[in-house]
Amino acid sequence: MKHQHPSAKRQRGMGIVGLFLTAVIIGCVAIVVMGVVPTVIEYQAIKRAADKASKEGSVEQIRSAFDRYQAIDDFSSIGGKDLTIARSGDNYRVSFAYQRKIHLAGPASLVLDYTGQTK
């Protein structure tokens, strides 16, 4: 009968505590991602609406067009009145800024600042 070294019998891999900690970390990251993804999608819709609206004629037409696109794309973080519109040559430059607050747990929240402007 051969004698094996005691360290050769030890198993390698993740223990139950390591597995639990990994699951908790993955769960926390998933909760944050599930809260952030809808705000990113909304930002993209707002950016598209601002790009389309900037091609309208006057400042009031740009605000009105943005509000129409807001109703179509169903976002609520900002409206036409929240846009900053400045003349840039023959065109208008539309810019916007807003915050979104995502409740995480207890008193913890994540605040995201979004800004954008048309070309």
Side-chain angles (χ1 to χ4, degrees):
M1 186 158 113
K2 290 186 177 181
H3 229 322
Q4 289 185 344
H5 195 276
S7 64
K9 290 186 177 184
R10 276 195 301 184
Q11 293 183 357
R12 294 185 180 197
M14 188 178 294
I16 191 74
V17 173
L19 182 64
F20 178 71
L21 290 175
T22 302
V24 167
I25 291 170
I26 290 173
C28 291
V29 169
I31 288 171
V32 171
V33 168
M34 288 175 15
V36 170
V37 167
T39 67
V40 172
I41 292 170
E42 180 183 50
Y43 169 77
Q44 291 171 342
I46 291 170
K47 180 82 167 106
R48 274 192 311 272
D51 286 339
K52 290 178 189 176
S54 69
K55 294 174 178 51
E56 298 292 326
S58 69
V59 172
E60 286 306 315
Q61 289 173 330
I62 291 171
R63 291 185 196 283
S64 176
F66 186 84
D67 287 336
R68 282 194 313 272
Y69 294 127
Q70 177 188 19
I72 292 168
D73 290 335
D74 195 30
F75 56 83
S76 60
S77 291
I78 65 170
K81 65 182 177 353
D82 301 316
L83 300 176
T84 303
I85 303 170
R87 191 154 193 101
S88 175
D90 292 338
N91 300 323
Y92 286 98
R93 176 172 286 159
V94 177
S95 58
F96 57 89
Y98 66 98
Q99 286 186 339
R100 285 297 304 263
K101 185 176 181 181
I102 300 168
H103 176 73
L104 298 176
S109 294
L110 177 65
V111 177
L112 302 169
D113 291 320
Y114 286 106
T115 60
Q117 71 178 18
T118 60
K119 294 179 181 178

Arg63 and side chain to side chain contact (heavy atoms under 4.5 Å, CB included): which single residue from Asp82, Val94, Leu83 fits?
Leu83
[atom1]-[atom2] distance between [X] and [Y], expressed to the nearest 0.5 angstrom:
{"X": "Lys101", "Y": "Ser109", "atom1": "NZ", "atom2": "OG", "answer": "4.5 Å"}
{"X": "Leu110", "Y": "Leu104", "atom1": "CG", "atom2": "CG", "answer": "5.5 Å"}
{"X": "Gln99", "Y": "Leu112", "atom1": "CD", "atom2": "CG", "answer": "9.0 Å"}
{"X": "Ser95", "Y": "Gln117", "atom1": "OG", "atom2": "CD", "answer": "6.0 Å"}

Residue pairs, two or more places apart or on separate chains, that pass side chain to side chain donor-acceptor pair (under 3.5 Å) and touch residues 14-25:
none
Are any non-hydrogen side-chain atoms of [X] and [Y] less than 4.5 angstrom apart?
{"X": "Ser64", "Y": "Gln61", "value": "no"}
{"X": "Lys52", "Y": "Arg68", "value": "no"}
{"X": "Ser77", "Y": "Ile46", "value": "yes"}

For [X] against [Y], the heavy-atom pair lying closest together:
{"X": "Gly79", "Y": "Asp67", "value": "C-OD1, 3.7 Å"}
{"X": "Ala53", "Y": "Ile62", "value": "O-CG1, 3.3 Å"}
{"X": "Tyr92", "Y": "Ser54", "value": "O-CB, 4.0 Å"}
{"X": "Ala65", "Y": "Glu56", "value": "CB-CG, 3.5 Å"}
{"X": "Met34", "Y": "Pro38", "value": "O-CD, 3.2 Å"}

Check step by step if salt bridge (Lys or Arg N to Asp or Glu O under 4.0 Å) holds for Glu42 and Arg100.
CA-CA 10 Å; Glu42 180 183 50; Arg100 285 297 304 263; 2.4 Å; yes
Are [X] and [Y] grouped together when hydrophobic residues (ILVMFWY) are joined by side-chain heavy atoms under 4.5 angstrom apart?
{"X": "Val36", "Y": "Ile41", "value": "no"}
{"X": "Val29", "Y": "Val37", "value": "yes"}
{"X": "Ile26", "Y": "Val33", "value": "no"}
{"X": "Ile102", "Y": "Ile31", "value": "no"}

Would you call the rings of Tyr43 and Phe96 parallel, tilted or perpendicular, where under 30° means parallel and over 60° means perpendicular?
tilted
Gln70 side-chain N/O to Ile78 backbone N/O, donor-acceptor pair under 3.5 Å:
yes
Could you tell me whether a side-chain N or O of Lys119 sits under 3.5 Å from a main-chain N or O of Asp51, the two making a donor and an acceptor?
no
Per ring pair (Phe, Tyr, Trp, His ring centres under 6.0 Å), Phe75 is matched among Phe66, Tyr98, Tyr69 by Phe66
